[in-house]
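Just below is one structure, and these are the notes that go with it.
Every chain is numbered from 1, with letters handed out A, B, ... down the list of sequences.
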Protein chains: 2
Amino acid sequence: MAAAAVDDRLSRVFAALADPTRRDMVARLCSGDATVSQLGAAYDVSLQAVSKHLKVLEEAGLVSRSRDAQRRPVHLEAEVFDLMTKWIERYRSEAEERYRRLDDVLAAMDGPAEGEGAVS
Amino acid sequence: MAAAAVDDRLSRVFAALADPTRRDMVARLCSGDATVSQLGAAYDVSLQAVSKHLKVLEEAGLVSRSRDAQRRPVHLEAEVFDLMTKWIERYRSEAEERYRRLDDVLAAMDGPAEGEGAVS
DNA sequence: GTCTTGGTCAACCAACGGGTTGATCAAGGA
DNA sequence: TCCTTGATCAACCCGTTGGTTGACCAAGAC
């Protein structure tokens, strides 16, 4: 049950960051909180669109919104990054470990088993 | 060629990993290459759907596909992870730095004055 | 040759995502 | 009080995506 929740969370976070505009918003929020219209000024879209983006970021847990009179300051919740880095690092280290072992095997043998193109 | 290309790449990578099935495929590929049907056996979808997922992963640069008779072994390209971690780490450290400074400021003062916002 | 295996391509469909406009709300300011 | 500002909600449009099925191709196997 915990897994599904984490899984869902991770999906939301990745999906939220798949949009360049939202990534840029996150980048801006790194240097301080901002209101919806302050954030939106940087993009050529309606305020409603900005609001939607922020909703996506909020539901992913990447930002939180409070109240200040009619303003809604947006605040970056940086802890969520941990969720991603944990996922990434886990598999990266696994993969690297495997390559290291593969190298060992190849070094132990003489002939390369197969020609692989791979590197772009 | 620089920013826009990287940006686009990043969008594709995040979008690719926003799908739990694709994340699971990546996880599986960490422990070794696999064919399309080997991968697909784990999910209750058609082979064509699996093929589509792999195409998304390939276009994001997360996997590469070679040829082995009628088989198409799928291989994880772990370097792409670096792209993500670089992006994440950059903003995370920025945000953490800001919080640290904010703590200093709050510690220096006695009463919290007011949230000014925007430290450029 | 023909058959089987492993995958891809093409067309289609329902659902989602990002954008828009119009209406509405909540809080000051005149 | 009425008006302006900051932001959200609701409905709608349209392109993309994830899934399906059916046709097809490529390489062994018989």
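In terms of position along DNA chain C, the nucleotide closest to His53(A) lies nearer the 5' end than the nucleotide closest to the other residue of the pair His53(A) and Ala69(A).
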Next on the checklist: Run Leu17(B) and Leu62(B) through side chain to side chain contact (heavy atoms under 4.5 Å, CB included) and show every step you take.
Outcome noted: CA-CA 9 Å; Leu17(B) 294 178; Leu62(B) 278 159; 4.0 Å; yes
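Looking at Arg92(A) and Glu89(A), a side-chain N of the basic residue comes within less than 4.0 Å of a carboxylate O on the acidic one, giving a salt bridge. Salt-bridge annotation for Glu59(A) and Arg12(A): absent, with no side-chain N of the basic residue lying under 4.0 Å from a carboxylate O of the acidic one.
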Pull out every protein N or O sitting under 3.5 Å from an N or O of nucleotides 5-12 of chain D, one pair per line with the distance.
from: dA7(D); atom 1: OP1; to: Val36(A); atom 2: N; distance (Å): 3.2
from: dA7(D); atom 1: OP1; to: Arg72(A); atom 2: N; distance (Å): 3.1
from: dA7(D); atom 1: OP2; to: Ser37(A); atom 2: N; distance (Å): 2.8
from: dA7(D); atom 1: OP2; to: Ser37(A); atom 2: OG; distance (Å): 2.1
from: dT8(D); atom 1: OP1; to: Arg65(A); atom 2: NH1; distance (Å): 2.6
from: dT8(D); atom 1: OP2; to: Ser51(A); atom 2: OG; distance (Å): 2.3
from: dT8(D); atom 1: O5'; to: Ser51(A); atom 2: OG; distance (Å): 3.4

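dT8(C) atom P lies 11 Å from atom CG of Leu39(B), rounded to whole Å. Rounding to whole angstrom units, CG of residue Asp68(B) and P of dA26(D) are separated by 17 Å. Regarding Leu57(B), its CG atom lies at a distance of 13 Å from the P atom of dT17(D), rounded to whole Å.
When the side-chain nitrogen and oxygen atoms of Ser46(A) are compared with OP1 and OP2 of dG19(C), none of them lie within a distance under 4.0 Å.
Side-chain contact annotation: Ser11(A) with Arg23(B), donor-acceptor N/O pair under 3.5 Å present.
Aromatic ring orientation, Trp87(A) versus Phe81(B): perpendicular (interplanar angle above 60°, classes split at 30° and 60°).
Taking the side chain to side chain donor-acceptor pair (under 3.5 Å) definition, one finds that Arg22(B) meets it with His53(B), sequence neighbours left out.
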